[in-house]
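Okay, structure first, notes after.
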Amino acid sequence: MQDSDPLNIRQATRQELIRLLEPGLPLRDQRLFEQAYRLKVAKTGPQLHLRFLLEFSNVCSRDCLYCGIRRSNFDIERYSLPSESLVEAVHWIKSRSYRNIVLQAGERSDRSYTRQITRLIEDLRKAGGEDFRIVLSLGEQSSETYRDWKQAGADRYLLRIETSNPKLYSLIHPSMPGYTLHRRLRCLEAVRQAGFQTGTGVMIGLPFQSLDDLAADLLFLKAWEPDMVGMGPYIEHYATPLYAHRDGLPTPQERYWLSLRMIALLRCLLPEINIVASTALQSLYMPAKEALQAALLAGANVCMPNLTPLNHQQDYALYDHKYASGLDLDKDLKDLAEWLKPLGASIALDDPGDPPAYHSKKG
Ligand code: 5AD
């Protein structure tokens, strides 16, 4: 064990994690990233796993103070894709030997909507077949709804907690009933109880957030042991209340490096889980490709190419300058496979990419 953790991160206290998150020590960062990368390759292999993201609707009943698709933003056109486009997307993904779709949308929990999603999952299950993973990212729902969606054939669920600090959580959400960290955590538990492979995560570099908060986030994740984590920098959106605090934010460069350190530390704490190179990281400071490469070298093993139709991507801007797919995704993926080669990596094909930890827990 000692050998795989020369920096002794698995035993690190909150204070020690804070020190590892602090900027200004490139050599220490390099050692951290090297350790994380070695652990990733040893535990999950060198491959990059793709999850194709379909942002199928931006209709949202929530009003989170950081998010560009909050219901009070009247500056976007609201859309919902028909089920047929999603079935088509599954066929597209399968025909290229990939095995994942992530359905993400604004949050809604009215009965007619949750039923419609149940039917959609059934259709996608049929289209995808056995070895295909349906991943949902549809926010807070009742335990019953989570169970129905699992039963209908979905495999994984992503629900970020956004931050593990209840005070910070209240500062970035409206002060209305229904927006507490307590409730969020109950939902996350219910997701796991329903039998999903469970993903969560936080935003990095939020207004009012300290390194102490981020160290606490890492310890929360370590203790909770999700199957997957997606975390990325907070990026301001002009039409949200948090935009007013943009002057107090860490610079994009700082948020970029902080996000990479968070990824690397988490990989050292939970070597076997899936960790995403987030779209937000690819939208901030560095060109998308370099940011992806940096995240992979810091311990991430998953990325989520966007399959949302191009004419809707701009209406799903959670934050300003969100990275959008190119016109030719097939070509982009071919290029990606090419530039992974020198890293000794490749894109996983015909492989749903369940985390090894999930199988060892099941077994
Ligand atoms: N900056 C970065 N990430 C954001 N998200 C929402 N708004 C922003 C933003 N302004 C993230 C949240 C949410 C996920 C779907 O997108 O973490 O859970």
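Both counts, for ligands and for their atoms, begin at 1 and track the order of listing.
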Any ring pair (Phe, Tyr, Trp, His ring centres under 6.0 Å) involving residues 279-314? Give me the pairs, sequence neighbours left out, ordered by first then second residue.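 Those involving residues 279-314 are Tyr79-His312, Tyr256-Tyr285.
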
Shortest protein contact, [atom] (heavy atom only):
atom	answer
atom 16 (O) of ligand 1	Leu318 CD1, 3.4 Å
atom 17 (O) of ligand 1	Glu162 OE1, 2.5 Å
atom 7 (N) of ligand 1	Tyr66 CD1, 3.4 Å

Go through the side-chain N and O atoms of Glu140 and Ser109 and say whether any donor and acceptor fall under 3.5 Å apart.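 Their side chains do not contain a donor-acceptor pair, so the 3.5 Å distance test is not met.
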
Without hydrogens or angle criteria, can the side chains of Asn274 and Asn301 be said to hold a donor-acceptor pair below 3.5 Å? yes

Just jot down the ligand 1 atoms closer than 4.0 angstrom to any heavy atom of Gln104, in number order.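 Once the distances to Gln104 are compared, the set is 15 (C).
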
Output the list of atoms in ligand 1 that are nearer than 4.0 Å to some heavy atom of Cys67, sorted by atom number. 7 (N)

Whether Met203 lies under 4.0 Å from ligand 1, heavy atom: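 It does, in that a heavy atom of Met203 comes within the 4.0 Å cut-off of ligand 1.
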
Any Pro233 heavy atom less than 4.0 Å from ligand 1: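 The answer is yes: ligand 1 sits under 4.0 Å from a heavy atom of Pro233.
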
Compare Arg160, Glu236, Arg255 and give the one whose heavy atom is closest to atom 11 (C) of ligand 1. Arg160

Kindly identify the option in Leu65, Thr240, Ile235, Leu242 whose heavy atom sits closest to atom 1 (N) of ligand 1. Ile235

Run the salt-bridge test on Arg255 and Glu236 with the 4.0 Å N-O cut-off and return the result as yes or no.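 The answer is yes: the pair qualifies as a salt bridge.
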
Members other than Tyr179 in its cluster, when Ile, Leu, Val, Met, Phe, Trp, Tyr link by side-chain heavy atoms under 4.5 Å?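 ILVMFWY cluster around Tyr179 also holds Met176.
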
What I want to know is whether His237 and ligand 1 share at least one N or O pair that is separated by under 3.5 angstrom. no

What distance separates Leu296 CG from Ile275 CD1, expressed to the nearest 0.5 Å? 11.5 Å

Rounded distance (nearest 0.5 Å) linking atom OG1 of Thr145 with atom CG of Leu138: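 So the OG1 of Thr145 and the CG of Leu138 are separated by 10.5 Å.
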
